[in-house]
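Quick notes on the structure that follows.
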Amino acid sequence: MKVIIVGGVAGGASCAARLRRLDEAAEILVVERGPFISYANCGLPYYVGGVIPRESKLVLADAALFRAQLNVEVRTLCEAVSISPEAKTVELRDVTTGQLTVEAYDKLVLSPGASPIRPPLPGIDLPGIFVVRTVPDVHAIREWLEGHAPEPSGLDTYTGYQTVVPARRAVVVGGGFIGLEMAENLAHLGLDVTLVQRGPQLMSPMDPEMAHYVELHMTRNGVRLALGENVTGFRQGAGSALEVLTASGKAIPADIVVMGIGVQPEVGLARTAGLAVGERGGIVVDDQMRTSVPDIFAVGDAVEVRDWVTSAQAHVALAGPANRQGRIAAEVIAGRDSRFRGTQGTAIVGLFGGAAAWTGVSEKTLRRIGDTDYEKVYIFPNSHAGYYPGAQYLAMKILFRRSDGRLLGAQAVGRDGVDKRIDAFAVALQFGATVYDLEEAELTYAPQFGSAKSPVNFAGMVAADVLRGDMPVTHWEDEHPFLLDVRQPAELAVEQVSGVVNIPLPELRARLGELPSDREIHVVCRSGQRAYYATRILLQNGFAARTVSGGMMSRSTFWAG
Ligand code: FAD
C-alpha cells in the first residue's frame, strides 16, 4: 500500500508516524511545500519575541529523522498541485526547479492546513507587513526588526539611551490568539504595540465580559487597544514608517505590521479532486476523516468537523485536533475502526504571564443558535489555598444545561492555574459530565497547587446549588427589583451600585423587617459567597431572593469601563 501525505506538519507528520507504527510494510511519502516538516507553529510568536532563542528549536524533526527512524520518505520544497481521483495520482511540483512529476497512491491524506487571511486592502504588499504561519515568516519578521533597529550612534553605552531613542511601533491587526501572542512578544522586545481589532472584543470565542478581562490585562501590560476599528488600508508614512488606516479615519503609525485576522482552510488542492467543501469553508470529512472521494482522507486546519456540544459544523484551527485527526486517519488506513469525536474548541492563550482559556460553547453561541435551556455562574476562586503565599484569583464562567445540569462550556482568565482547570472541564465536558459530577470530581490538592475544594468542584457546587433551588441566581444584565448589598460599609466605600440597600451579612437576621416582602430581593456581595449565605437566610425566612452571580467582582471585572 502506498500512502501519500500532503503537508508535513501537525496533522501530516502525526499521520505518517502513526501509520508507520501500525504498518511496517506501507510505503509512505510525505510532501511538504515549505523547507521544514514537523515544525512548531505554536512556538513561532515566541521565536519572534526571543523567548525561543534559536530557529533550530522550532524544528521538531527533519526529513533525515523521518527516514532513519520511521522509514518515511519526505520531500520538502515539494508542492502537490493537483489530484486525479480516477487515476489515483498526485501531481507534484519541485518548488525550487518548477519540475512536475506524478506519483500514484493507494491512499491519500491531505493535511495542508489553513493560510493566514491577507485581505486585498490598499497597501497590503508594502514592505513591513507580515503574517505568521511558517518558520520563514518569523525569520522575515526577525530580520525586519533587526534591520530596522534604531541606530544608537554611539549612545548604546549611555544608560539613558532608552529615553532618547523613541520606541519602535508595532501594529498587530487581529485580536485572536495569534494576534495576542504576537502583541505580547513584540511588547517583550520593547516595541510600542497597538492591537487593532474590528469587532468590539478580543478573543471572539470568549464571551464579551470574559474577554473584557483579557482586554484589561493587555492594557495593563502596555498594549494599546483599538477595538471596533476596521482597517481599510496601509500607506507609507513619514520616513520609513507605515500607517495603518482605519474606517474611523485613524492613521496609526507603525514600524512593523503583523496581520493576524484569522485563517482560511487551504482547499485549493482538494477542489482539483472535486472534494466536497462545507459551509465553514473546510473539506468535508466523516468521523473517520474520509473525504467525499474514496481513498482520500483530510485532517487538521483544512477540514471542518462537528462541534461536540452544538452538533453544528465547525472550523477550529488548533494543533490538538490536527494531531488527533492525523492519528485517526492513519489508524483507519491501517484497518482500525477509530473515530474522531468532534471538537469542543478547547484553547488557551498566554497573557503576559497569565492566561485565558475556554472549552465548549460560549453564551453568545447559545444565544445565536436560540438555545435557552442553559444557566451560567461566575466564580472567583483562588488559584491555590488562600493561606499559602502567592494565591491569585481566577475569573471563571461556567455554562450548563438548566434541564439536566450537563456541562456546556467553561471560560477562565487569571494569572495562575487557568490551564489545569479548563483541562479538567474539557475532559468532563467530553464525557458528558453534569455539574453534579463536577461537585464529586476528585482532584489533586496540596496548598501550593489548589484547594481541598478545587475551583472545578466549587464551580460544580455553585451550579448545582442553582439547579437544586438552594441558590436562585441572577446576573448584572437582568432587572433588579430590589438590590441588597451584604458587604461591610467599608467595602461599599471602595465601590458600590447606586440605589442598593446595605445590610452587612452579620446584621441580616436581626434586620429582616427592613426588607420588602412584595419584591424579589437580589443579593450582592464581593464575589457571591456572602450573598449566597444571605440568600439562604432570606429564602428560609419566606422572602423571594436571588444571588447576583459573581457579585461586585463580576461587575467590576467584566462590566466596568
Ligand atoms: P499545518 O501545521 O499548518 O501544516 C500544513 C502544511 O502543509 C504546511 O507546512 C504547508 O506548507 C503544507 N502544504 C499546504 N499545501 C500544500 C501542498 N499543496 N503541497 C505540499 N504541502 C502543502 N494551535 C494550538 O492548539 N495552540 C497554539 O498555541 C497554537 N499556536 C499557533 C501559533 C501560530 C503562529 C500558528 C500559525 C498556529 C498556531 N496554532 C496553535 C495552530 C496549529 O499550529 C494548527 O492548528 C496546526 O498546525 C494545524 O495542523 P495542520 O497539519 O492542519 O496544518
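First listed ligand is number 1; within each ligand, the first listed atom is number 1.
Contacts between Ile178 and ligand 1 below 4.0 angstrom, taking non-hydrogen atoms only, involve the side chain exclusively.
Within ligand 1, the atoms closer than 4.0 Å to a non-hydrogen atom of Gly113 are 3 (O), 5 (C), 52 (O), 53 (O), numbered from 1 in the order shown. Under a 4.0 Å criterion applied to the non-hydrogen atoms of Gly11, ligand 1 contributes the atoms 49 (O), 50 (P), 51 (O). Shown in contact with Gly7 at under 4.0 Å from a heavy atom are these atoms of ligand 1, numbered in order with element: 6 (C), 7 (O), 12 (C), 21 (N). Of all atoms in ligand 1, numbered sequentially from 1 with element shown, those under 4.0 Å from a heavy atom of Val31 are 20 (C), 21 (N). Residue Glu266 has at least one heavy-atom neighbour below 4.0 Å for each of these atoms of ligand 1: 14 (C), 15 (N). Proximity to Pro45 (heavy-atom distance under 4.0 Å) selects the following atoms of ligand 1: 34 (C). Numbered from 1 in the order shown, with element, the atoms of ligand 1 that lie under 4.0 Å from a heavy atom of Glu79 read 17 (C), 18 (N), 19 (N), 20 (C).
Residue-environment remark: NZ (Lys2) exceeds the threshold of 12 foreign heavy atoms within 6.0 Å. No more than 12 heavy atoms of other residues, nucleotides or ligands shown are found within 6.0 angstrom of CD on Gln99.
With hydrogens and angles ignored, the 3.5 Å screen pairs no side-chain donor or acceptor of Gln197 with any backbone N or O of Leu227. No side-chain donor-acceptor contact under 3.5 Å links Arg327 to the backbone of Ala322.
Asp419 contributes atom CG, which lies 4.5 Å from atom CD1 of Ile348 (distance to the nearest 0.5 angstrom).
No side-chain donor from either of Asp307 and Gln313 sits under 3.5 Å from a side-chain acceptor of the other.
An N or O contact shorter than 3.5 Å is missing between Gly300 and ligand 1 by distance. At under 3.5 Å, not a single nitrogen or oxygen of Leu44, backbone or side chain, sits near a nitrogen or oxygen of ligand 1.
Contact between Phe36 and ligand 1 is absent, with no heavy atom of the residue lying under 4.0 Å from the ligand. Ligand 1 has no atom lying under 4.0 Å from any heavy atom of Gly268.
Of all heavy-atom pairs spanning Ile283 and Leu110, the tightest one is CD1-CD1, 4.3 Å.
Among Met182, Arg33, Glu32, Arg133, the residue whose heavy atom sits closest to atom 9 (O) of ligand 1 is Glu32.
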